[in-house]
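Quick notes on the structure that follows.
Starting from 1, each residue takes its place in the sequence as its number.
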Amino acid sequence: MTGATGALGGRVAARLAAAGARLRLVVRDAGRAPRLPGAEVAVNAGGYADGAGLRAALTGAHTLYLVSAAEAEDRLGQHRTAVRAAAEAGVERIVYTSFLGAAPDAVFTLARQHAATEEAIAATGARHTFLRHAMYADFVPYFAVLDGEEVVIAAPAGEGRTSFASRDDLADVGAAAVLDDSPALDGAVLDVTGPAAVSLDEAAALLGELTGRPASYRRQTVAEGWAARRPSGAPDWEIEGWVTSYEAIAAGELAAVSDVVPRLTGHPALSVAEHLHRHPEDWAQLRR
């Protein structure tokens, strides 16, 4: 598996190790790899862009849990290189962390990249399962800033709703999908969501309850969304990703709710409130 040093991949790796799976953790830096029983570490310092290195690291593996790359201007190119390396290494099955609403014409730019990656994986002929993750519930506090004493979410998301999912649940689903080597999940495209679609008004109200601060969602136009984010100094491709993610919410592309979490894990999906109560560290920056 890739991504074991990250928040999602680390959770999946721990669950797989606890289940007794034989793991190979493909990482850039061996010093950052989690120490897990039954896990070996393969170093590929060049990451997804190093096809030869990744091919060597994956040779002999049966199933690859492929975590999507960090946001980058060449992210799709990295994904295609990684998929090609997996095919050349003889990987028989790929479980890929895609995104809710992935489609060539998706409003969210990164969802288009995920659709192209899914297409590349399918073209290899390998068995595959696509886990289309909803936005992380963990990220809700990071949509907000403190404006004086007030918690404010300012975004061009209109009246849209989002089925935020806890990374705890996404990890449970990921581990379950990897461990199920039956044909049941072959070719499956699974929307992995929270239990309900939440508006940003509701998200702001929740942050207010948690922090004890006044809180609100301030609607922006798309132009205002761009203008507010330009001072960050981020490149245009990154700002476009941020803004179009909110535009996708406004367009209703991220509101789907599925039963995948309970169906694959046997437990109900965590709501945003349940996740944030479980993980107060996610909203520590907004506390009094």
Can you find a heavy atom in the side chain of S163 that is under 4.5 Å from one in the side chain of V257?
yes

V151 pairs by side-chain contact (heavy atoms from CB on, under 4.5 Å) with which of L206, V145, L207?
L207

Salt bridge present between E118 and R132 (N-O < 4.0 angstrom)
yes

Can you find a heavy atom in the side chain of T124 that is under 4.5 Å from one in the side chain of V83?
yes

Near E281 CD, under 6.0 Å, is it more than 12 heavy atoms from other residues, nucleotides or ligands?
yes

Please lay out, stage by stage, how V140 and M135 fare under the test side chain to side chain contact (heavy atoms under 4.5 Å, CB included).
CA-CA 9 Å; V140 170; M135 279 188 172; over 6 Å; no

In terms of hydrophobic clustering (I, L, V, M, F, W, Y; side-chain heavy atoms under 4.5 Å; direct or indirect links), are W237 and V222 co-clustered?
no

For a quick check under 3.5 Å, do H279 and D168 share a side-chain donor-acceptor pair by atom type?
yes

Is R230 salt-bridged to D236, cutoff N-O under 4.0 Å?
yes

Could you check H62 against V91 for side chain to side chain contact (heavy atoms under 4.5 Å, CB included), going step by step and ending with a plain yes or no?
CA-CA 5 Å; H62 175 275; V91 169; over 6 Å; no

Taking every non-hydrogen atom, the tightest pair across A171 and L8:
N-CD1, 3.9 Å

Would you say the ring centroid of F164 lies under 6.0 angstrom from that of Y136?
no

Distance-only side-chain donor-acceptor flag, H267 / D172, under 3.5 Å:
yes

Check: A85 main-chain N/O paired with R55 side-chain donor or acceptor under 3.5 Å
no

Side-chain donor-acceptor contact under 3.5 Å, H275 with D282:
yes

Parallel, tilted or perpendicular: which fits the ring planes of Y96 and F130, with parallel below 30° and perpendicular above 60°?
perpendicular

So, the side chain of E253 versus the backbone of V107: is there a donor-acceptor pair under 3.5 Å, distance only?
yes

Can you tell if the side chain of T129 reaches within under 4.5 Å of the side chain of R93, non-hydrogen atoms only?
yes

Does any N or O in the side chain of D191 come within less than 3.5 Å of the main-chain N or O of S258, such that one atom is a donor and the other an acceptor?
no

Least distance between heavy atoms, A115 atom then P104 atom
CB-N, 3.8 Å

Compare every heavy atom of A177 with every heavy atom of V95, then report the nearest pair and how far apart it is.
CG1-CB, 4.2 Å

Enclosure of E119 CD (heavy-atom neighbours >12, cutoff 6.0 Å):
no

Between CD1 of I94 and CG of L64, what distance do you get to the nearest 0.5 Å?
5.5 Å

I would like to know whether V27 and R32 meet side chain to side chain contact (heavy atoms under 4.5 Å, CB included); could you show each step before the answer?
CA-CA 8 Å; V27 298; R32 295 184 58 217; over 6 Å; no

Is there a donor-acceptor contact under 3.5 Å from the side chain of N44 to the main chain of G47?
yes

With a 4.0 Å cut-off on N to O distance, would you call E40 and R22 a salt bridge?
no

For the student: nearest non-hydrogen atoms of T109 and G241, plus distance:
OG1-CA, 3.5 Å

What's the spacing between T81 OG1 and D50 CG if we round to 0.5 Å?
9.5 Å

Please say yes or no: joined through hydrophobic side-chain contacts below 4.5 Å, possibly via intermediate residues, are Y65 and L190 part of one cluster?
yes

Would you please test T265 and D169 for side chain to side chain contact (heavy atoms under 4.5 Å, CB included) and show each step?
CA-CA 8 Å; T265 70; D169 288 338; 5.9 Å; no

Tell me whether I249 shares a hydrophobic cluster with V192, the cluster being built from Ile, Leu, Val, Met, Phe, Trp, Tyr side chains joined at under 4.5 Å.
yes

Would you name the heavy atoms of R229 and V243 that are closest together and state the gap between them?
CD-CG2, 4.0 Å

Would E92 and T63 count as having a side-chain donor-acceptor pair, cut-off 3.5 Å?
no

Show the nearest heavy-atom pair for residues G101 and A111, with the distance to one decimal.
O-CB, 4.2 Å

Strictly below 4.0 Å, N to O, side chains only: are E224 and R219 in salt-bridge contact?
no

Do the side chain of R167 and the main chain of A165 share a donor and acceptor less than 3.5 angstrom apart?
no

Would you kindly confirm whether Y142 and L200 end up in one hydrophobic cluster when ILVMFWY residues are joined by side chain heavy atoms under 4.5 Å apart?
no

Would you say S216 and R218 make side-chain contact, with heavy atoms under 4.5 Å?
yes

Between OG1 of T97 and CG of L131, what distance do you get to the nearest 0.5 Å?
7.5 Å

When hydrophobic residues are tied together by side-chain contacts of less than 4.5 Å, even through go-betweens, does L264 share a cluster with L270?
no

For Y246 and F143, run ring-ring contact (aromatic ring centres under 6.0 Å, His included): C-alpha distance rounded to whole Å, both residues' side-chain angles, the deciding distance at 0.1 Å, then the answer.
CA-CA 10 Å; Y246 290 117; F143 291 166; 5.5 Å; yes

Cation-pi check for W283 against R287: NZ or CZ below 6.0 Å from the six-membered ring centre and within 45 degrees of the axis, yes or no?
yes

Any T162 side-chain heavy atom under 4.5 Å of V198 side chain
no

T117 and its side chain to side chain donor-acceptor pair (under 3.5 Å) partner, picked from R75, Q78, H79:
H79

Any side-chain donor paired with an acceptor under 3.5 Å for Y217 and S199?
no

